[in-house]
J.: 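Before I ask anything, let me first share the structure, which is written out below as structure tokens.
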Amino acid sequence: MFNAANKFLAATLAVAALSACTSEAERRAAAAEDLRSQAESMVAAGNYDSAMSLLDSIDSAYREQTEVRRNSLATRAAAIEGNTLQLIGPAEERLARAQLRTDSLSAMFIHVDGPRGLEGYNVAKELAGKDVTAATGIQPRLDSEGYLSIAAVVKGKNIGLNSLSVTTSRGTIQTEPQGSDRVVNSEGTELASFRQEEVADVLQALAEASATTAKMHLDGSKGSVEIKLTPDMRTALVRSWEYAMALQELRAAHIERERLERVLHTARDHRANAPLPAND
């Protein structure tokens, strides 16, 4: 009698536990589906970011609800498509602005062929035909990728050339000293090239400074020489910096526009092939 009672109690508890488990599973499935339905409504309303957040919460909180998550693939693809379409307009405007800017600046530069075996470069027209090695001075150059460098020459003097500086009413900005292996010594002349990332702060300071207050120097471990900052040289430096920034903005705008096009194509492909809840 006692054993029969125990067996009955155990069976009752098992049925209750099974019923509880079933109810919990159903509750979670319903909650996940409710979130998916809300996300679908948000997509229809154009609220794509919020829809994506809801879909992410389904993936993280209801991982066992594979059916709901499978049904949400079409909703996610639609959200990505809608969001990408919203971004393409501003991306195209950015691209158009960058193209207009580079086109206007390109007319102010000329191409200079490099020595045999070396790549040529572009220089501002103000410096056309001037030999940078003829005297102490600098020359801003842009390579075929639009990256800026500054060729520097100290003629007939050994200063241990390693940096470039500009002094304005706000103070002095100097490039980080470079190693001696970056400097070429030839017949009493020091030659060096400073890369864009090294001179960015110097050129930005020059661009923001008054034309009458800025001074530039070539600096070294043994001394410093002032560069004659003529109106043409200042214009060439500032314009070269602006052109380099414009070319790199154009490249970035192209990359972003192409990225969005790929995202849009992928989203549409996924949406076309994703299962729809109505088919289940």
Side-chain angles (χ1 to χ4, degrees), residues 94 97-98 101-102 104-106 108-109 112 119 121-127 130 132-133 135-155 157-185 189-256:
R94 176 192 180 190
R97 288 194 302 269
R101 178 64 171 157
T102 56
S104 65
L105 286 168
S106 66
M108 303 175 188
F109 289 78
V112 177
E119 184 182 11
Y121 51 88
N122 293 307
V123 297
K125 285 185 175 180
E126 288 83 0
L127 304 182
K130 295 182 180 180
V132 69
T133 63
T136 294
I138 58 176
Q139 184 183 69
R141 301 172 174 178
L142 288 94
D143 66 17
S144 60
E145 297 297 318
Y147 287 100
L148 177 68
S149 64
I150 292 183
V153 175
V154 177
K155 193 79 172 178
K157 192 174 183 180
N158 183 1
I159 66 168
L161 176 62
N162 60 19
S163 63
L164 174 71
S165 64
V166 62
T167 299
T168 71
S169 59
R170 297 181 179 181
T172 297
I173 304 293
Q174 185 176 31
T175 65
E176 288 292 327
Q178 59 185 1
S180 58
D181 59 323
R182 296 268 303 277
V183 181
V184 175
N185 291 276
T189 297
E190 292 180 319
L191 303 97
S193 180
F194 298 92
R195 295 187 288 263
Q196 177 177 297
E197 62 270 20
E198 295 170 333
V199 299
D201 291 342
V202 167
L203 292 180
Q204 189 62 41
L206 180 63
E208 295 171 356
S210 164
T212 58
T213 60
K215 292 185 178 181
M216 295 194 74
H217 291 81
L218 292 174
D219 305 309
S221 58
K222 302 175 185 177
S224 178
V225 293
E226 184 175 349
I227 300 166
K228 190 175 182 180
L229 198 57
T230 63
D232 279 352
M233 176 57 73
R234 187 182 188 282
T235 297
L237 285 164
V238 173
R239 189 171 288 157
S240 296
W241 172 245
E242 292 172 344
Y243 191 30
M245 294 300 97
L247 286 168
Q248 285 149 55
E249 167 63 9
L250 179 60
R251 183 181 299 107
H254 269 298
I255 291 172
E256 177 63 8

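Computed from heavy atoms alone, side chains included, the values below leave out hydrogens, waters and symmetry copies.
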J.: Would you say that Arg234 contacts Met216 through its side chain, given a criterion of any heavy-atom pair below 4.5 Å between the two side chains?
T.: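 Counting from C-beta outward, Arg234 and Met216 never come under 4.5 Å.
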
J.: Once rounded to the nearest 0.5 Å, what's the spacing between atom OG of Ser240 and atom CE of Met108?
T.: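 Ser240 atom OG to Met108 atom CE measures 11.5 Å (nearest 0.5 Å).
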
J.: Heavy-atom count check: over 12 atoms from other residues, nucleotides or ligands less than 6.0 Å from Asp201 CG?
T.: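 It does not: Asp201 CG has 12 such atoms or fewer within range.
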
J.: Do Val202 and Ile150 make a side-chain contact, defined as non-hydrogen atoms from C-beta onward lying under 4.5 Å apart?
T.: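 Contact flag for Val202/Ile150 side chains = no.
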
J.: If you measure from the Lys or Arg side-chain nitrogens to the Asp or Glu carboxylate oxygens, is any gap between Glu190 and Lys222 under 4.0 Å?
T.: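 A salt bridge is absent here (no side-chain N lies under 4.0 Å from a carboxylate O).
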
J.: Looking at Arg251, I want to see if its CZ is surrounded by more than 12 non-hydrogen atoms of other residues, nucleotides or ligands under 6.0 Å.
T.: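 Correct, the count exceeds 12.
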
J.: Counting N and O atoms only, with roles assigned by atom type, does the side chain of Asn158 sit under 3.5 Å from a partner on the main chain of Gly160, one being a donor and the other an acceptor?
T.: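 Indeed, once roles are kept as given, a pair shorter than 3.5 Å links the two residues.
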
J.: Look only at the side chain of Arg182 and the backbone of Phe194, and say whether a donor-acceptor pair between them is shorter than 3.5 Å.
T.: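 Pair absent, no side-chain N/O of Arg182 close to backbone of Phe194.
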
J.: Does Gln248 reach the main-chain N or O of Gly146 with its side chain, forming a donor-acceptor pair under 3.5 Å?
T.: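 Checking the backbone N and O of Gly146 against the side chain of Gln248, a donor-acceptor pair under 3.5 Å is found.
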
J.: Whether the side chain of Thr175 engages the backbone of Leu164 through a donor-acceptor N/O pair (distance < 3.5 Å, no angle test) should be reported.
T.: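 Flag set: sc Thr175 to bb Leu164 pair under 3.5 Å.
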
J.: Nearest 0.5 Å, please: how far is CG in Asn185 from OG in Ser180?
T.: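 Result: 9.0 Å between the selected atoms.
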
J.: When you measure from the side chain of Thr172 to the backbone N and O of Thr167, does any donor-acceptor pair fall under 3.5 Å?
T.: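 Absent.
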
J.: Does a donor on one side chain sit under 3.5 Å from an acceptor on the other, for Ser163 and Gln174?
T.: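 Ser163 vs Gln174: donor-acceptor pair found between side chains.
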
J.: Looking at Val123 and Pro140, what are the two nearest heavy atoms and their distance?
T.: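 It is CG1-O, 3.8 Å.
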
J.: Do any N or O atoms from the side chain of Glu256 and from the backbone of Ala252 form a donor-acceptor pair under 3.5 angstrom?
T.: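 No: the side chain of Glu256 does not pair with the backbone of Ala252.
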
J.: Find the distance between CD (Gln139) and CG (Leu237) and round it off to the nearest 0.5 Å.
T.: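 One finds 10.0 Å between CD of Gln139 and CG of Leu237.
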
J.: Do you know which two heavy atoms are closest between Val166 and Ala205, and how far apart they sit?
T.: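 Where Val166 meets Ala205 most closely, the heavy atoms are CG1-CB, 4.0 Å.
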
J.: Could you tell me if the side chain of Lys228 sits less than 4.5 Å from the side chain of Met233, heavy atoms only?
T.: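 They are not in side-chain contact.
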
J.: Taking all atoms of both residues into account, what is the closest heavy-atom pair of Asp219 and Ser165, and its distance?
T.: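 Where Asp219 meets Ser165 most closely, the heavy atoms are OD2-OG, 2.8 Å.
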
J.: Can you sort out the partners of Tyr243 under ring pair (Phe, Tyr, Trp, His ring centres under 6.0 Å), two or more places apart, ordered by chain and number?
T.: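 For Tyr243 the ring pair (Phe, Tyr, Trp, His ring centres under 6.0 Å) partners, ignoring immediate neighbours, are Phe109.
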
J.: May I ask you to test the Leu203-Gln196 pair for a side-chain heavy-atom distance under 4.5 Å?
T.: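 The answer is no; the side chains never approach within 4.5 Å.
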
J.: Is Arg101 close to Met245 at the side-chain level, that is, under 4.5 Å between some pair of heavy atoms?
T.: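 Of all side-chain heavy-atom pairs linking Arg101 with Met245, none is under 4.5 Å.
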
J.: I need the minimum non-hydrogen distance between Asn162 and Ser221, along with the two atoms involved.
T.: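 Distance-wise, the nearest heavy atoms are ND2-N, 3.8 Å.
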
J.: Could you tell me whether the side chain of Tyr147 reaches within less than 4.5 Å of the side chain of Arg195, counting heavy atoms only?
T.: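 SC-SC contact between Arg195 and Tyr147 ruled out.
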
J.: Where is the tightest heavy-atom contact between Ala246 and Leu105, given as atom of each residue plus distance?
T.: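 Answer, listing the atom of Ala246 first, then Leu105: CB-CD1, 4.0 Å.
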
J.: Are the side chains of Asn122 and Val112 in touch, meaning some heavy atoms are under 4.5 Å apart?
T.: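 Not touching, per the 4.5 Å side-chain cut-off.
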
J.: Rounded to the nearest 0.5 Å, how far does CG of Leu161 lie from OG of Ser224?
T.: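 These two atoms lie 10.0 Å from each other.
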
J.: Which heavy atom of Gly137 sits nearest to which heavy atom of Ile227, and what is that distance?
T.: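 Shortest heavy-atom separation between Gly137 and Ile227 comes out as CA-CG2, 4.5 Å.
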
